[in-house]
Asks: 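I'd like to ask you about the structure that follows.
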Amino acid sequence: MRFNLMSLRPALFAAMYRRRFGSSVPISFKQEPALAVDHLFVGSVDALPPQYLAQLSFGNCVARTDAAATHRLLMARPWSDAEDAALPAVAKAMGNCLSDEKSLRLTRSTARGLVAEAMYHLASGRAAGAVTADAVTTKGR
């Protein structure tokens with residue numbers, strides 16, 4: 001059986017974020033530098049698909065624009081009232097990350113996937129020399 005790793009990344013990063021930061025309160029990432037792809041991978045990043053790089057960049061913008069709403073979305077059970085409550089703020093952050101002439105239609109799962117990897121890296125302190133090892137305030141750990 002073969003899997004396309006790029007198609008699994010959103011689900012994997014969402015699960016890793018929930019596991020590591022699920023009981024945490026996210027800090028604001030607005031003042032942090034954007035994620036630098038060359039800090040996230042070992043070796044050359046030249047072979048990465050352009051679509052993946054664009055999605056990571058967009059997710060980074062959304063997570064930095066409203067980390068609290070993005071955290072609530074990633075913590076919410078799919079199709080739950082909590083997800084319904086989190087989506088408008090995340091959609092607003094997404095709108096702020098698009099240029100005026102662009103529009104975007106996403107499913108709920110695609111919205112989660114777009115922000116999951118960026119949120120994980122930002123919360124882990126993996127932006128370009130940005131934050132400390134854990135950029136969250138952990139409750140009860």
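Computed from a prediction, not measured in an experiment: that's the story for all the values here. Basis for what follows: all heavy atoms, side chains included, without hydrogens, waters or symmetry-related copies.
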Asks: Which atoms form the tightest heavy-atom contact between L122 and A63, and what is the distance?
Replies: CD1-CB, 3.7 Å

Asks: Does a side-chain heavy-atom distance below 4.5 Å link T70 with M94?
Replies: no

Asks: Give every donor-acceptor pair under 3.5 Å between a side-chain atom in residues 52-59 and any protein atom, sequence neighbours left out.
Replies:
from	atom 1	to	atom 2	distance (Å)
Y52	OH	R9	NH2	3.3
Y52	OH	E117	OE1	3.2
Y52	OH	E117	OE2	2.7

Asks: Tell me whether R112 is salt-bridged to E83, with the criterion being a basic N under 4.0 Å from an acidic carboxylate O.
Replies: yes

Asks: Working note: V62 + L114, criterion side-chain contact (heavy atoms from CB on, under 4.5 Å); need CA distance, chi angles, decisive distance, verdict.
Replies: CA-CA 9 Å; V62 174; L114 280 173; over 6 Å; no

Asks: Any Lys/Arg nitrogen of D66 or R72 sitting under 4.0 Å from an Asp/Glu carboxylate oxygen of the other?
Replies: no

Asks: Please name the pair of heavy atoms, one in V90 and one in A69, separated by the smallest distance, quoted to 0.1 Å.
Replies: CG2-O, 3.5 Å

Asks: How far does SG of C61 sit from CG of L98, to the nearest 0.5 angstrom?
Replies: 8.5 Å

Asks: Please assess F13 against M119 for the test side-chain contact (heavy atoms from CB on, under 4.5 Å), listing each intermediate value before the final yes or no.
Replies: CA-CA 9 Å; F13 275 100; M119 208 46 190; over 6 Å; no

Asks: Between CZ of R18 and OH of Y120, what distance do you get to the nearest 0.5 Å?
Replies: 13.0 Å

Asks: Just jot down the salt bridge (charged side-chain N to carboxylate O under 4.0 Å, His left out) partners of R64, sequence neighbours excluded, or say none.
Replies: none

Asks: Nearest 0.5 Å, what's the OG-CG distance between S124 and L40?
Replies: 10.0 Å

Asks: Quick one: closest heavy-atom pair of L74 and A14, and the distance?
Replies: CD2-CB, 4.4 Å

Asks: How close do P10 and G113 get, counting heavy atoms only, and between which atoms?
Replies: CB-CA, 3.4 Å

Asks: Considering only residues two or more places apart or on different chains, which pairs with a residue in residues 65-117 satisfy ring-ring contact (aromatic ring centres under 6.0 Å, His included)?
Replies: Y17-H71

Asks: To check you understand the geometry: which heavy-atom pair defines the closest contact between K30 and T65, and what is its length?
Replies: CE-O, 2.9 Å

